Every structure is written in C-alpha cells, then in structure tokens.
Amino acid sequence: MKRVDVKTNFNCNNQCRFCVQGNKRELYPPKTTKEVKEILRQSRRTHEAVVFTGGEVTIREDIIELVKFARLLDYRLIQIQSNGRMFCYEKFCDEIIAAGANQFSPALHGHIPALHDFLTRSKGSFLQTLTGIRNLKKRKQDVIVNCVVTKPNYRNLPDIARLLVHCKVNQYQFAFVHAGGRAGENFDAIVPRKSLAVPFIKKGLDIGIKAGIKVMAEAIPFCLMQGYEDYIAEKYIPSTKIYDAESVVDDFAQVRKNEGKAKGPLCKKCSCFNICEGPWKEYPQKFGWDEFVAIKE
Ligand code: SF4
C-alpha cells in the first residue's frame, strides 16, 4: 500500500535529546488546516495510506477534523505517529478512533520514568505515554511502538521489550538513533557504538519473537544483524512520499539510500551490498567503518 507521510507541524510537547528534527519547531509554523487538507486530497489520487506525523500531531487543535477528513477521502490506513502522551486522555482516544484513525505509533524510550523522561526532557511523559499505550490497547487498536536506541537506554532494551510485551502491543521497533538534528548536537552523549548496542537489541527482539509479537530493528546493517535478517525494518518499509517542512520527497527510500545512508570502502565486497542500505552517514563519519565487516557468500 503506497503511503504518504504528512509532517503537519514541528512543535512538540517533548524536547527529546535525540530529536532528528532539531530546531525545525522554531523555524517552521504548523501547516494550516487548509494546507493539510489539500495535501490529503491530492495524495489520495495516488496513495491509500496516510501517516500524520511531525513534530507532535496530537497537540494540533484540528487533529480530529483532519483525521475525519482523511476518513472521508477513504484512506484505508490512517496512522497517527506520536510521542503517545495525548493518548493518556481516554476522551481523546475515543474521539480520534471515532474520527477514523486505525493505526497508532507511539514512542517509548525507557522502561522507567527516570530513563524515558531523561531522554524526552519532559517530566511525566513516561507515565502519560505508557497510559496512552494501555488506553489504545484497551480499545483493541493496532499499536506499533517505536523505541529510539541511544547511549542512555541501549542496555535496557530487553526491559523495554518486556514492558511492551506485557502491554500486548502489536509490534515494536528499535530504531538506531539517526545522528542528525539534536542527536547530532548531543552526539557523544546520545550515540552508542552499534557493536555494543546490538547484543541488547537482539535480546530485546528475542523477547518479542518468543511472545509472538512482530518486531523490527532499523538502521542496523546486515553485517551486524546476522541471524536476525528477517527483522531488518528496511526490508519492509513501504514506498513513502513525504510532505516535509518546505519540500516534498516522492520516494523516501531513494533519498534514504542515496543521500541519508552510506556504504564503506569494504562494502563492495559484501554479499549483502545490493540489499543493504548501510548506516546513516553521520555514524561512520564519527566512528569510521571498523564495525562493518563484509559478509562472505
Ligand atoms: S554492505 Fe557494508 S554495511 Fe551493509 S552489511 Fe555489508 S559490510 Fe555491512
């Protein structure tokens, strides 16, 4: 199903230390209701799935109206990508579900308040997001949780996985931090070595696999994911058009592969060269290519 991601606004009620959107919230005002509706109308000619994303879309006053409009246009999938905090309000959950949202992607980055709130720099965010996930599951919604892998949380990924299994989420994903925006500014404090994080990522995946939950890992190349190739997210990400702050990207996969990610000098010798996207380019710019060892046939 072809998907369009609409970045409706960059303001947010969290202040994540790793936010790849950086200071866009200061640079770009939210798109107007009219602008978003026009994007939805145009995109429906070619796309069947829409993801409302930002910034934080649930703090828009018109979010219910926009979801209703997407429903009216008969989008088959209407996903709300969110930090999950607003879902702690039961009335809001009921309203956005009734409006037509049918998939939710909240973000949880810790298993305890001290860790999650430290990363989001927003006291109380853990409790709100966790309550939000539970509220959505109580309403039998399709919940795909995103967890950004960072230096402060990578050792706790198995704990986070256990919590998400306990919440009975439909899917969770460990996305290795993309060192752009604030993550780039805070590189030393935020970006771990992949070789240190990967054993914890694999343990975290195992917990979901054993529980029968769909799990994924993003931005970890094949050479570090041997034995877990089926869980490499890039293999499954659908073709996505993105309406960003000022630009429109027709196929994000191409931008990701050609501009966002990189391959190293030895990658050409790797049997996965053609299917691997490599890491986000900022990572080897800082750490080099030692951890990425070409896979032999
Ligand atoms: S192409 Fe490079 S980054 Fe990708 S799996 Fe092979 S060695 Fe690793």
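Remember, it's a predicted structure, so these values are computed and weren't measured experimentally. Every number for a ligand or one of its atoms is a count from 1 in the order of the listing. Numbering of residues begins at 1 and proceeds along the displayed sequence.
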inquiry  = Can you pull out every side chain to side chain donor-acceptor pair (under 3.5 Å) where at least one residue sits in residues 208-227? Sequence neighbours excluded, please.
reply    =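 Of all non-adjacent pairs touching residues 208-227, those that pass side chain to side chain donor-acceptor pair (under 3.5 Å) are Gln173-Glu218.
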
Summary of ring-ring contact (aromatic ring centres under 6.0 Å, His included) pairs that have at least one residue in residues 190-233, sequence neighbours excluded =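 The answer is Tyr154-Phe200.
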
query = Does a salt bridge link Glu38 with Arg41, judged by any charged N lying under 4.0 Å from a carboxylate O?
reply =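 Yes.
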
ask   = Between Lys123 and Asp117, is there a salt bridge with N-O shorter than 4.0 Å?
value =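 A salt bridge is absent here (no side-chain N lies under 4.0 Å from a carboxylate O).
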
inquiry  = Give me the number of protein N, O or S atoms whose distance to atom 8 (Fe) of ligand 1 is under 2.8 Å.
reply    =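 Step by step: take atom 8 (Fe) of ligand 1, keep protein N, O, S below 2.8 Å, and you get 1.
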
request  = Could you tell me which residues satisfy salt bridge (charged side-chain N to carboxylate O under 4.0 Å, His left out) with Glu291, sequence neighbours excluded, listed by chain and number?
outcome  =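 So Glu291 forms a salt bridge (charged side-chain N to carboxylate O under 4.0 Å, His left out) with Arg193.
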
query = Should the ring pair His178 and Trp280 be called parallel, tilted or perpendicular, given that the plane angle runs from 0 to 90° and is split at 30 and 60?
reply =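 If you compare the ring of His178 with that of Trp280, the planes turn out parallel.
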
